[in-house]
There are 2 protein chains.
Amino acid sequence: MSDSPTSDAPPRRRSDATKAAILEAARERFAADGYERATIRAIARDAGIDPSMVMRYYGNKEGLFAAASAFDLRLPDVGTLTEPGALPGRQVGAVLVEHFLDRWEADEVLTALLRVGVTNAAGAERMQAVFRDQLGPVAAALSPDPAQAPSRAALVASQILGMALARYVLRLPPAVEMTRQEIVDWLAPTVQRYLTAERP
Amino acid sequence: MSDSPTSDAPPRRRSDATKAAILEAARERFAADGYERATIRAIARDAGIDPSMVMRYYGNKEGLFAAASAFDLRLPDVGTLTEPGALPGRQVGAVLVEHFLDRWEADEVLTALLRVGVTNAAGAERMQAVFRDQLGPVAAALSPDPAQAPSRAALVASQILGMALARYVLRLPPAVEMTRQEIVDWLAPTVQRYLTAERP
DNA sequence: CACTCATGTCAACGACTGTAGGCCAACATT
DNA sequence: AATGTTGGCCTACAGTCGTTGACATGAGTG
């Protein structure tokens with residue numbers, strides 16, 4: 001080992017900047033065009049390098065997508081949501097809807113994931129995994145009956161994904177024109193009910 | 001004019017069967033693969049004819065999609081939904097959710113429309129038009145404030161499209177495993193509220 | 001019968017795709 | 001300075017795509 005600043009952090013390579021540029025361009029293209037129309041050549045052009053570099057660093061197109069779509073929803077900790085006295089005056093539904101809007105508008109990864117997941121098996125699996133592993137625990141902690149947790153998570157996912165689809169992908173004009181606050185006000189009770197209501 | 005049974009109905013041509021076979025194969029492929037991966041060659045193979053026939057009858061791939069994705073939601077008449085005493089013991093929300101599930105499972109046109117709309121501009125526009133022109137009037141008739149009708153229609157669309165996305169496209173396991181009745185029971189109050197509630 | 005036109009097949013073109021491999025320059029290490 | 005390694009570009013291949021046009025065949029009509 002020559003230089004390890006802390007523990008076993010990989011050394012900074014000169015190619016890190018290039019790799020990052022490729023990933024950023026890939027996310028933009030996947031988000032804008034979906035899997036098939038986002039060509040390696042176009043991504044390389046955006047990143048200002050040669051297409052063969054993409055192959056060198058990510059193996060093939062699937063590997064590139066896997067690297068570009070790594071994603072953490074960063075949902076608030078379950079404990080934070082359930083401990084008594086948390087969220088003063090706020091409901092879980094509103095917190096979650098706002099958080100999802102934040103995550104959706106922060107970068108283009110979720111849009112890419114959605115656009116790709118619709119026509120690509122790997123993308124669909126990753127979308128499944130994100131909602132199962134990251135939203136699932138929240139539903140499990142809030143659901144009155146633990147056995148219902150997966151269904152409740154799927155219901156929340158359906159409403160969140162549906163709004164994202166309408167607003168960020170299909171761009172239905174009324175969905176685009178609604179203010180952030182209007183969306184939160186309408187969707188929060190829905191999400192709240194899907195997670196916590198005793199019966200439909 | 002040689003033969004016009006009623007008014008100006010086009011004469012039955014021998015190629016009608018071929019055209020229909022092409023459209024059916026196109027709908028299947030577009031629904032299963034999306035726009036880019038649904039190739040004219042594959043569609044022609046499914047229909048048992050030569051790819052050039054597709055070009056002859058529909059001009060190009062866009063024309064084929066336009067013909068294959070013509071769609072009528074067949075929503076219940078607005079009058080039927082609003083007249084006093086209609087829907088004995090039923091809520092509008094439940095009727096609409098059931099109707100949407102029916103339409104989604106009846107054929108593959110809506111799935112094709114959704115899969116294509118996510119990556120293809122023409123598909124997105126058609127999806128917009130379907131919900132604007134066919135769901136919009138229902139929202140206008142039910143909304144307390146006519147000015148809110150487009151927003152309310154978009155909210156309903158977001159929940160319906162989201163469930164269709166989760167259940168028929170992404171196939172999130174919990175969404176697939178839910179029974180039809182469970183979905184209706186959970187979504188109906190949401191749709192009902194989006195259409196008729198005074199305030200969020 | 002001959003003629004016409006709709007229906008269908010076949011072969012090909014040009015463009016674009018993912019991917020592979022060879023070559024070159026800059027750098028780090030000895 | 002010599003050497004091995006890393007980062008990068010260029011060219012090329014094999015395959016697929018949408019699309020085109022020439023050609024064959026059949027039915028229908030005079």
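Below, all heavy atoms of this structure are taken into account, side chains as well, without hydrogens, waters or symmetry copies. Below, chain A is the first sequence line, B the second, and so on; all start at residue 1.
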Chemist: Could you give the NZ-to-C1' distance, from A/K19 to D/dT6, as a whole number of Å?
Modeler: 11 Å

Chemist: Could you tell me the separation between the CE atom of B/M55 and the C1' atom of D/dC17, rounded to a whole number of Å?
Modeler: 11 Å

Chemist: Do the charged groups of B/E98 and B/R180 touch, with an N to O distance under 4.0 Å?
Modeler: no

Chemist: Do any N or O atoms from the side chain of B/R37 and from the backbone of A/T119 form a donor-acceptor pair under 3.5 angstrom?
Modeler: yes

Chemist: In whole Å, I'd like the distance from the CD1 atom of A/I40 to the P atom of C/dA20.
Modeler: 10 Å

Chemist: Please determine whether a side-chain nitrogen of the Lys or Arg among B/D145 and B/R152 lies less than 4.0 Å from a carboxylate oxygen of the Asp or Glu.
Modeler: no

Chemist: Between A/K19 and A/V54, is there a donor-acceptor pair closer than 3.5 Å when you use the side chain of the first and the backbone of the second?
Modeler: no

Chemist: Flag the pair A/R29 and A/D46 as a salt bridge only when some basic side-chain nitrogen lies within less than 4.0 angstrom of an acidic carboxylate oxygen.
Modeler: yes

Chemist: By nearest atom, which of the nucleotides D/dT19, D/dG7, C/dT19 is closest to the B/N60 side chain?
Modeler: D/dT19

Chemist: Could you give the CD-to-C1' distance, from A/E36 to D/dG18, as a whole number of Å?
Modeler: 16 Å

Chemist: Between B/Y57 and C/dA6, is there a contact of a side-chain N or O with OP1 or OP2 at under 4.0 Å?
Modeler: no

Chemist: Nearest whole angstrom, please: distance from the P of C/dC16 to the CZ of A/R41.
Modeler: 10 Å

Chemist: Return whichever of B/I49 or A/R45 has its heavy-atom-nearest nucleotide of DNA chain C closer to the 5' end.
Modeler: B/I49

Chemist: For A/R56 and A/R37, take the nucleotide of DNA chain C holding the closest heavy atom to each; which residue's nucleotide lies nearer the 5' end?
Modeler: A/R37

Chemist: Output the rounded distance in Å from CD1 (B/I22) to C1' (C/dT7).
Modeler: 11 Å

Chemist: Rounded to whole Å, please give me the gap between CZ in A/R14 and C1' in C/dA28.
Modeler: 10 Å

Chemist: Can you tell me if the side-chain N/O atoms of B/S52 get under 4.0 Å from OP1 or OP2 in C/dT9?
Modeler: no

Chemist: Whether A/S15 contacts D/dG7 is assessed here as follows: a side-chain N or O lying under 4.0 Å from the phosphate OP1 or OP2. Is that the case?
Modeler: yes

Chemist: How long is the line joining CG of B/D50 and P of D/dT20, in whole Å?
Modeler: 14 Å

